[in-house]
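Worksheet: the structure to be examined is printed underneath.
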Protein chains: 2
Amino acid sequence: MSVTLKDVAQAARVSVSTASRALTGTGLTSERTQQRLTRIARELGYRPNPIARGLKTGQSRLVALLVHNLTNASFQVMAEVIQARLKALGYQMLLCIGGDDPEQESDTLTTLVDHRIDGLIVVPTGKNGAQLKALSKEVPIVCLVRRDDATDLETVLADDPQGAYLGTRHLIELGHKRIGLIVGRQDTTSGRERLSGYVRALREAGIAMDGTLVHAGHFVPETGATCARKLLDLLRPPSAIFVANHEATLGVLRVTAERNIAIPDDLSLLCYEDMPWFEWHRPAISIVDNGARDLANLAVDRLLHRMDAKGNGNDGVREYRVGARLIKRDSCRPIESASKPKSSKSKSSAAKSAKV
Amino acid sequence: MSVTLKDVAQAARVSVSTASRALTGTGLTSERTQQRLTRIARELGYRPNPIARGLKTGQSRLVALLVHNLTNASFQVMAEVIQARLKALGYQMLLCIGGDDPEQESDTLTTLVDHRIDGLIVVPTGKNGAQLKALSKEVPIVCLVRRDDATDLETVLADDPQGAYLGTRHLIELGHKRIGLIVGRQDTTSGRERLSGYVRALREAGIAMDGTLVHAGHFVPETGATCARKLLDLLRPPSAIFVANHEATLGVLRVTAERNIAIPDDLSLLCYEDMPWFEWHRPAISIVDNGARDLANLAVDRLLHRMDAKGNGNDGVREYRVGARLIKRDSCRPIESASKPKSSKSKSSAAKSAKV
DNA sequence: CGATAGACTGCAAACGATTGCAGAGACGTT
DNA sequence: AACGTCTCTGCAATCGTTTGCAGTCTATCG
């Protein structure tokens with residue numbers, strides 16, 4: 001069907017081996033034949049068969065990215081960044097959707113390795129540690145966003161403790177003392193870490209932790225709404241809510257709309273991870289940005305490094321953290337001098353009181 | 001490294017060919033050896049090497065899906081549906097992002113074909129018709145959502161004329177006579193077809209078409225905002241806006257929020273294609289659903305059909321339409337008996353003041 | 001001028017599977 | 001007993017590359 005190396009060789013009246021060497025540029029052929037062959041190959045429209053090549057070399061120029069889903073905006077941008085980076089290097093990215101389902105993850109994993117992918121970036125479910133570990137002997141693997149504690153794989157993580165700390169501190173600096181937190185499952189790294197950042201900021205500010213203000217769980221928008229209601233129904237409801245789980249955001253917004261709670265006048269709202277519509281929303285929603293682009297880029301860097309350093313890519317470092325940053329938009333505002341009967345409790349004093 | 005067929009054959013003391021036949025279940029081996037070999041293969045953890053197999057058979061059990069981007073919610077659900085369907089059939093889906101860029105599309109296309117994919121579902125940019133046509137001789141191809149006029153490829157399309165007609169008629173039935181339309185580029189099929197549906201509904205209702213109410217172009221949220229402003233600044237602004245291009249929706253919402261135009265009281269809003277947050281938005285946004293799931297499923301059906309019918313999958317039909325349907329939520333409301341000079345100019349007057 | 005290195009080239013064996021062809025038995029028929 | 005048929009198995013070629021090894025040719029040096 002298509003033009004093979006043999007055809008090129010015949011047309012050029014050389015052996016297949018010479019043709020191969022000339023076209024792959026091993027420097028073992030004379031300048032002249034090399035040029036002649038590249039020309040002929042071009043004329044004939046020859047394109048090497050990656051399958052045959054792969055069979056011989058054990059490589060495929062394929063790199064896989066395995067994520068949970070595509071609805072998460074962070075995964076979208078990561079996928080696009082990674083694809084662009086790899087493409088520039090001549091790799092084809094294979095994007096797979098694992099659905100956060102361990103069994104499917106396991107299946108996909110073996111399929112991929114069987115296809116002799118050259119590298120893998122995976123957001124692990126955390127339930128297939130053993131398999132991942134075994135696979136990492138056959139192909140370079142980098143974990144992204146989540147850690148699999150059962151492995152010692154190189155992992156690129158968002159700095160969730162820092163991000164949550166930053167966000168909470170921002171709210172505290174605005175004078176908020178009762179800050180509701182809606183956070184992800186506590187059996188995930190990010191769930192735990194975000195909670196810890198929240199706790200740290202509170203402690204640092206000398207604010208006592210109030211358990212009724214914290215809701216953790218596996219969120220969908222509905223649960224987000226439920227939690228928001230619970231928070232707002234409290235005798236002393238929070239003056240700010242930190243939604244540290246992006247799945248929950250929609251639900252929270254719904255509830256505030258239903259109850260005609262004005263943001264940010266009646267309630268400050270801070271979310272984690274950006275969504276394309278956040279800055280178009282009215283009011284534009286302030287967020288803690290987990291740095292998806294940076295995460296993706298770093299993951300690619302690490303993967304390439306491991307792919308180069310055949311086998312012994314062990315640099316000692318196992319975990320990389322990508323800084324989070326606060327993006328202030330319009331959904332958070334300073335609280336009006338709350339309990340103090342005094343005057344002029346503006347920002348400076350609010351910030352000060354926060355430290356105590 | 002890994003267990004090969006040869007290893008299995010040796011362990012079973014048979015030839016490689018027998019092993020192959022037994023394991024692929026050709027029925028050319030005795031029941032006994034077949035069972036024995038499957039057992040041994042399992043014990044040894046043998047997994048066939050798809051690359052070697054592919055070299056011989058010319059197949060890869062890989063099917064590619066090439067889309068423009070992942071931010072479009074429709075593409076997300078299509079990708080997930082297609083992946084699930086294919087997976088169940090033992091195919092691995094290769095998801096590629098073309099960025100709506102003809103050159104990148106072309107590149108990706110050749111890479112994919114070189115990798116001997118077994119099938120391809122593509123949302124064509126429309127600029128690589130010749131290449132697609134040529135490729136379709138080597139691998140079954142189905143176009144999705146967009147047609148490439150330069151080819152006669154089988155194409156699965158949303159019924160955009162019908163969808164736009166349905167939406168417009170809905171607004172008309174609610175009493176709207178001045179309906180703004182924000183629609184995509186007129187050099188895309190969907191752009192043209194949605195406009196035509198709008199026009200048809202208007203004509204059928206005996207409403208004269210007003211050119212100032214229609215904006216077509218290549219949209220990003222910013223442009224959506226600009227168009228919304230132009231529409232609302234009109235001397236006689238529309239009482240409803242049909243945003244038939246999902247990229248523009250965010251911009252339109254932004255403008256209505258800025259101007260304190262209440263939806264649906266002051267302005268009815270209808271959008272095309274669903275977004276996960278539409279039903280959580282306040283008010284929940286009514287839409288014309290293009291039937292992404294159905295589109296994806298049909299595309300898979302057609303592709304599988306072509307993959308089965310080696311070569312002559314030509315059924316005569318070249319174009320499939322998937323019905324659109326209206327999903328009424330809260331962003332459209334009947335217009336108050338419009339031209340009557342009666343009292344109760346409350347809300348509409350607010351909208352009016354907004355324009356001035 | 002002969003030896004020798006050096007630069008190219010070709011032969012053939014891989015890589016791991018599939019598959020046409022033919023041989024080896026087992027069995028039934030005449 | 002001879003023959004044909006049928007079922008199962010193995011040999012070897014093949015898919016399109018890469019690559020170790022050995023051979024050819026030219027040029028250089030003593």
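By convention in this document, chain letters (A, B, ...) are assigned in the order of the sequence lines, proteins followed by strands, and residues within each chain are numbered from 1. Hydrogens, waters and symmetry mates are skipped; everything else that's a heavy atom, side chains included, is used.
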Exercise. In whole angstroms, how far is the P atom of C:dC15 from the CD atom of A:Gln59?
Worked result: 16 Å
For this session: Examine the base of C:dC11 for any acceptor or donor lying under 3.5 Å from a partner atom in the side chain of A:Ser17, and report the outcome as yes or no.
Result: yes
Problem set entry | Atom-pair distance (CZ on B:Arg53; C1' on D:dT14), nearest Å | 16 Å
Problem set entry | Closest-nucleotide ordering on DNA chain C, the 5'-leading residue of B:Pro48 and B:Arg21 | B:Pro48
Exercise. How many angstroms lie between CG in B:Leu132 and OG1 in B:Thr125, if you round to the nearest 0.5 Å?
Worked result: 8.0 Å
Exercise. Between A:Thr4 and B:Leu28, which is nearer to the 5' end of DNA chain D once each is assigned its nearest nucleotide?
Worked result: B:Leu28
Problem set entry | Among C:dT18, D:dG10, C:dG10, the nucleotide that comes nearest once only the side chain of B:Val14 is considered | D:dG10
Exercise. Would one find a side-chain N or O of B:Thr18 under 4.0 angstrom from OP1 or OP2 of D:dT9?
Worked result: no
Exercise. From A:Lys127 NZ over to A:Asp101 CG, what is the distance, rounded to the nearest 0.5 angstrom?
Worked result: 9.5 Å
Exercise. What is the distance from CD1 of A:Ile51 to C1' of C:dT18, rounded to the nearest Å?
Worked result: 14 Å
For this session: Please report, rounded to the nearest Å, how far the P atom of D:dC15 is from the CG atom of B:Asp114.
Result: 18 Å
Problem set entry | 4.5 Å side-chain heavy-atom contact, A:Arg61 and A:Gln92 | no
Problem set entry | Any A:Ser30 side-chain nitrogen or oxygen under 4.0 Å from OP1 or OP2 of C:dT9 | yes
Seminar exercise, completed: note: A:Gln34, atom CD; C:dC8, atom P; distance rounded to Å ~ 10 Å
Exercise. Can you tell me how far the CG atom of A:Asp100 sits from the NE2 atom of A:His68, to the nearest 0.5 Å?
Worked result: 4.5 Å
Problem set entry | A:Asn49 CG to D:dG16 C1', straight-line distance once rounded to whole Å | 6 Å
For this session: Starting at atom CZ of B:Arg13, determine the distance to atom P of D:dT9, rounded to an integer number of angstrom.
Result: 16 Å
For this session: Report the distance from atom CZ of A:Arg116 to atom P of C:dA17, rounded to the nearest whole Å.
Result: 8 Å
For this session: Spell out, as yes or no, whether a donor-acceptor pair under 3.5 Å connects the side chain of A:Gln104 to the backbone of A:Ile97.
Result: yes
For this session: Assign B:Ser20 to base, sugar-phosphate, or nothing according to its heavy-atom contacts below 4.0 angstrom with the strands shown.
Result: base
Problem set entry | Check: C:dT18 base within 3.5 Å donor-acceptor of B:Lys56 side chain | yes
Exercise. According to a strict under-4.0 Å criterion, is B:Thr24 in side-chain N/O contact with OP1 or OP2 of C:dT18?
Worked result: no
Exercise. Which of the following nucleotides, C:dC15, D:dA12, C:dG10, is nearest to the side chain of A:Leu55?
Worked result: C:dC15
For this session: Scan A:Thr26 against the nucleic acid and name what it touches under 4.0 Å (heavy atoms): base, sugar-phosphate only, or nothing.
Result: nothing
